[in-house]
Amino acid sequence: MNMSAMKTAPVTSVPASSAPVVAMTPKRPPRMDTYIKAAKETAARVVPPLIVLALLMLFWELVCRRAGSTLPPPSRVYKETKELIFDPFFDHGGIDKGLFWHLSASLQRVAFGYSLAAVAGIALGTLVGQSIWAMRGLDPIFQVLRTIPPLAWLPLSLAAFRDGQPSAIFVIFITSIWPIIINTAVGIRNIPQDYRNVAAVVQLNPLEFFWKIMIPAAAPYIFTGLRIGIGLSWLAIVAAEMLIGGVGIGFFIWDAWNSSHISEIILALFYVGIIGFVLDRMIAGLAKIVTRGTALN
Amino acid sequence: MPAYLKLDHIDKTFTRGSASTEVLKDINLTIDQGEYVSIIGHSGCGKSTLLNIVAGLTTTTMGCVLLEDREVNSPGPDRAVVFQNHSLLPWLTVYENVRLGVDKVFASSKNRSERDAWTMHNLNLVQMAHARDKRPAEISGGMKQRVGIARALAMEPKVLLLDEPFGALDALTRAHLQDSVMALHQKLGNTILMITHDVDEAVLLSDRIVMMTNGPSARIGEVLDVPLARPRKRLELSTNAAYLKCRLRVLEFLYERHRFVEAA
């Protein structure tokens, strides 16, 4: 989780000249130096993964290049998916759409299901964290329900909603809500007594207590839950879409498999990975803004 | 004249399952307006419990707390607390921490700009106005405690409750902050009830020192008047006979007659 992205530049500036001049307070380092320093730091973070990536690609190319290999090497993947890469916006009707449309359909489902899960999860988590009786009543049920694999919910939700779209959204919801509930509850339960005392002396009413003490105090925990939740919902949507069909990156992969377009599968996996990563970083970034740097990550 | 703050026959028993421990027994104390009273005793004698009872954060088993002849049994800004560990909310700035209380207490009696001015006035009183936009994590322990004091003062409490306010500070910072509290008491005339385990601190700051016996069933062992004129100067007092006598009395109480028994 820790990305150590906060390495601040040391602000020492050593006057390089050894001439016998009167020492003066060192000026701010020239703008150019700051840029070079920043560039160096970025390079130190970006170059190693790029090298590893290049080596892996090379290895993949060498292994899959020989005749009779079941999977295409990266060069062939690129050749075969060039159109998809450079024109993600085409729309030939039905499910013959560019990758952008597939991804945005999937992202929309995730956005719906995940937003619902976030709201309901934080509310339920607060209830369970705050009330001992709610915890005793609900926690055992949550503990059982959360172990049910996401796809196991799909047939049931299809039976209930009779439609793919709400079913997929429900699967997202039910997958991502558990970590949000559980982490929120832990966060609420761990609010230091001191903060409760402060609230009592100031005489905050329950609503003010919720917004001014509970949510900020539990925010680091809540965001841990939200991050796990977004990861899980992205995992679940691909699987769910494979089954419900229609437009969506999951069905795109399944469709590509059925038409033996292995290269397209690989391209789609690449996008799925990148978007999952971006979603995770987005929630982490939001956490940083909202908790003003006190998040646990 | 009726007492300003009165602790009337307070008993406190903590019950856990079938086991119960009597922490405080028959505590009677009256405090006048503007008086500075310290409660001193060994750790575990229940002095923090007593302060929490006055604050309304803990309920009594028997007896009650009367403030201006009215019973108080729930927390409120008229008995603002300065907590030992400052208890500033880390997600709020220094200003916002003080403002939180101001907004609640003066919700109807002051408008926005008056509340802002009042918040800044109180930050100025503790010389923390310069750090108004800092967060608690960015300021030192002594500064945090100053902000804690400003937050409590800003609620215009009838009684200011200090729960070992200098306990977590180094000796120099502590002395500095004690001087500040003395100056504030001089200037504003607050009624102050302070918990401490530091004999010098108790004698230096207080008008009266309440000495507690060891728990369980701690009682008030002795109440000592400190007949020193204000304003008091730390350095001059170190050779003052009355000061030394008071100090000796407290020391005798704590270390001879009511020595801390480890097993207790």
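Here the structure is a predicted model, which is why all the values come from computation and not from measurement. Throughout, a chain's letter reflects where its sequence line sits, starting with A, and its residues are numbered from 1.
Interface remark: Ala217(A) contributes backbone and side-chain atoms alike to the contact with chain B (heavy atom separation under 4.5 Å). Proximity to chain A is limited to the backbone of Arg79(B), based on heavy atoms less than 4.5 angstrom apart. In this structure, chain A has a heavy atom under 4.5 Å from the backbone of Leu88(B), while its side chain stays farther away. For chain A, no part of Asn52(B) is nearby; none of its heavy atoms comes within less than 4.5 Å. Looking at Val81(B), both its backbone and its side chain come within 4.5 Å of chain A, counting heavy atoms on both sides.
Within 6.0 Å of NE2 in His130(B) there are more than 12 heavy atoms belonging to other residues, nucleotides or ligands. Phe112(A) CZ: 12 or fewer foreign heavy atoms inside a 6.0 Å radius. Dense packing is recorded around NZ of Lys110(B), with more than 12 heavy atoms of other residues, nucleotides or ligands lying under 6.0 Å away.
Taken to the nearest 0.5 Å, the CG atom of Asn205(A) stands 4.5 Å off from the NZ atom of Lys104(B). Residue Asp103(B) holds its CG atom at 10.5 Å from CG of Leu204(A), rounded to the nearest 0.5 Å.
Contacts with chain A were tallied for Gly101(B), Gly76(B), Gly56(B), Ser74(B); Gly76(B) has the most, counting heavy-atom pairs under 4.5 Å.
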Checklist entry - Should Lys212(A) and Leu89(B) be marked as a side-chain contact (heavy atoms from CB on, under 4.5 Å) after you check the CA-CA gap, both sets of side-chain angles, and the distance that decides it? => result CA-CA 10 Å; Lys212(A) 294 189 174 173; Leu89(B) 304 176; over 6 Å; no

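Of all the heavy atoms in Leu57(B) and Ala200(A), the pair that sits closest is CD2-CB, 3.9 Å. Between Gln203(A) and Pro75(B), the shortest heavy-atom distance links the atoms NE2-O, 3.0 Å.
Judged by distance alone, the side chain of Trp91(B) and the main-chain N or O of Val290(A) form no donor-acceptor pair under 3.5 Å.
By the 4.5 Å heavy-atom criterion applied to side chains, Asp194(A) and Phe83(B) are not counted as neighbours.
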